[in-house]
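Inspection log for the structure reproduced underneath, given as structure tokens.
Hydrogens, waters and symmetry mates are skipped; everything else that's a heavy atom, side chains included, is used. A note on names: the letters A, B, ... follow the listed sequences, proteins ahead of strands, and every chain is numbered from 1. Because the structure is predicted, anything quoted here is derived from the model rather than measured.
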There are 2 protein chains.
Amino acid sequence: MSVDLRVVKTRERLHESLIALLKEMPLEKIKISVLCQRAQINRGTFYLHYESIDALFADFFEQIIADLREAYLEPLRTKSPLKIKELDPKTVRIFHHIKKYESFYRIVFSKNVPLAYYYMLLEQITLNLQQNTKATHVDNDYFIAYQANAIIGLALQWAQRDFQETAEELSEILVKILRSKSE
Amino acid sequence: MSVDLRVVKTRERLHESLIALLKEMPLEKIKISVLCQRAQINRGTFYLHYESIDALFADFFEQIIADLREAYLEPLRTKSPLKIKELDPKTVRIFHHIKKYESFYRIVFSKNVPLAYYYMLLEQITLNLQQNTKATHVDNDYFIAYQANAIIGLALQWAQRDFQETAEELSEILVKILRSKSE
DNA sequence: TCACTTATTGAACATCTGTTCATTAAAAAT
DNA sequence: ATTTTTAATGAACAGATGTTCAATAAGTGA
């Protein structure tokens, strides 16, 4: 009753093939036909599993987002919800996460890629913020959206600088910004 | 030495054709072949002007961004740079701008569209913020990136709510958020 | 092990893409 | 008004897409 082994193998081969090709060319240049050739998979079979290269990549990114979800749970074991004034840069996990998967986030943040990946990341950060903050504002959804996008904004800027700074430095910048407003 | 009339006409027809088709189907479903058929333009001619449907749309969006640039200059005629504490919701123009071009921003914020449009909007908001704020932070670029993306974040949330609120309400929410941090 | 279920295959098809090139025709320059 | 310039055309091409369908073979379950 579990998943058919053939399905598992096919998806595995497609995944491996994508990773291999990503080392040779940008995501948008990868053709389904070439991917399948490499993976030794019939092109028609590809469409039984994914509708596009982007959907295949989204499958990967889903796993990465899952890792972010778990990373966020870590600092919350100590105390929750966090208050800005007590916020220690060391409890901020997001930038370490991004650095860990830097090669993926270079793609996720690249111009020719669909906005869908941005939304996937945004959704997870939003969920994390919702759990960590009390609903103090009347317009809480907007407040959360503001914060979540602002954090991604730092990540975008970081990417634009080719990830020169360390994750710790980014965390400190975030904390500094958050504190600078409650002076 | 001005632009050849034929070029102007061709681009005009392509623009009109795109607008017409956007009323029938989402951007990503518009085929170059169909667009050219409608515009009575040879398909090869399309490629003399644009490399893709996305590039054609970007051409439109460029004009819209230009309108945003001008709209931002308006409240600055009174006093500059603005300070948060004096910030009046009526001086915030961004949400009126988005509401004005709502049908375009529904596309710009949609999942299957390239991130490039987001960056175009981000760049303009960033430029506007850079002009309106003094460089108080050491990490000023990050601070600006934080603010600019946060504002777009409000717009994204607004779009997700199908633009139910008025532009004034969004402006007030922004001002409220900015003030709530300097209490 | 054998019968069953179903994922994968290969071939074929219409459509769309991106490009080339000689020809035509529209606009600019004189 | 005529020449010159160059944008637009139409045809043709290889390659990629997305889909269908009967045949095959791999995996499941008894």
B:E24, CD: over 12 other non-hydrogen atoms inside 6.0 angstrom: yes
Rounded off to whole Å, could you give me the CG-to-C1' distance for the B:L35 and C:dG18 pair? 16 Å
Is the side chain of A:Y47 donor-acceptor paired with the backbone N or O of A:S52 at a distance under 3.5 Å, no angle test? no
Distance in angstrom units between B:N42 CG and C:dT19 C1', rounded: 12 Å
Going by the angle between their ring planes, with limits at 30° and 60°, are A:H15 and A:Y50 parallel, tilted or perpendicular? tilted
For A:L5 and D:dG29, give me the distance from atom CG to atom P, rounded to whole Å. 11 Å
Assess, by modelled atom type and distance only, whether the side chains of A:T126 and A:E123 contain a donor and an acceptor separated by less than 3.5 Å. no
Before accepting this row, confirm whether a basic side-chain N of the pair B:E16/B:R13 lies closer than 4.0 Å to the acidic partner's carboxylate O. no
Rounding to an integer number of Å, can you tell me how far A:R11 CZ sits from C:dT8 P? 8 Å
Between B:K9 and B:G44, which has a closest nucleotide on DNA chain C that is more 5'? B:G44
Would you say A:H49 places a side-chain N or O within less than 4.0 Å of OP1 or OP2 belonging to C:dA7? no
Which whole-number value in Å describes the distance from B:Q40 CD to C:dA26 P? 14 Å
Select base, sugar-phosphate, or nothing to describe what B:Q37 touches, counting heavy atoms under 4.0 Å on all strands. nothing
Sub-3.5 Å pairs of nitrogen or oxygen atoms, protein against nucleotides 12-18 of chain D:
unit_1, atom_1, unit_2, atom_2, d
D:dT17, OP1, A:I32, N, 3.2
D:dT17, OP2, A:S33, N, 3.2
D:dT17, OP2, A:S33, OG, 3.4
D:dG18, OP2, A:Y47, OH, 2.9
D:dG18, N7, A:R43, NH1, 2.8
D:dG18, O6, A:R43, NH2, 3.1

The side chain of B:I41 is closest to which nucleotide in this list: C:dT9, D:dG27, D:dT9? D:dT9
Short question: side chain of B:Y119, backbone of A:F109 - any donor-acceptor pair under 3.5 Å? yes
Taking only the side-chain heavy atoms of A:L48 (C-beta and beyond), determine which of D:dT28, C:dT9, C:dA28 contains the nearest atom. C:dT9
Heavy-atom donor-acceptor pair, B:R6 side-chain to C:dA27 base, under 3.5 Å: no
Mind calculating the distance between NZ (B:K29) and P (C:dC16) to the nearest angstrom? 13 Å
Nearest-Å distance for atom pair CD/C1', residues B:E12 and D:dA7: 16 Å
Say whether, by atom type as modelled, one donor and one acceptor occur between the side chain of B:S180 and the main chain of B:I177 under 3.5 angstrom. yes
Examine D:dA7: is either OP1 or OP2 under 4.0 Å from a nitrogen or oxygen in the side chain of B:T45? Give yes or no. no
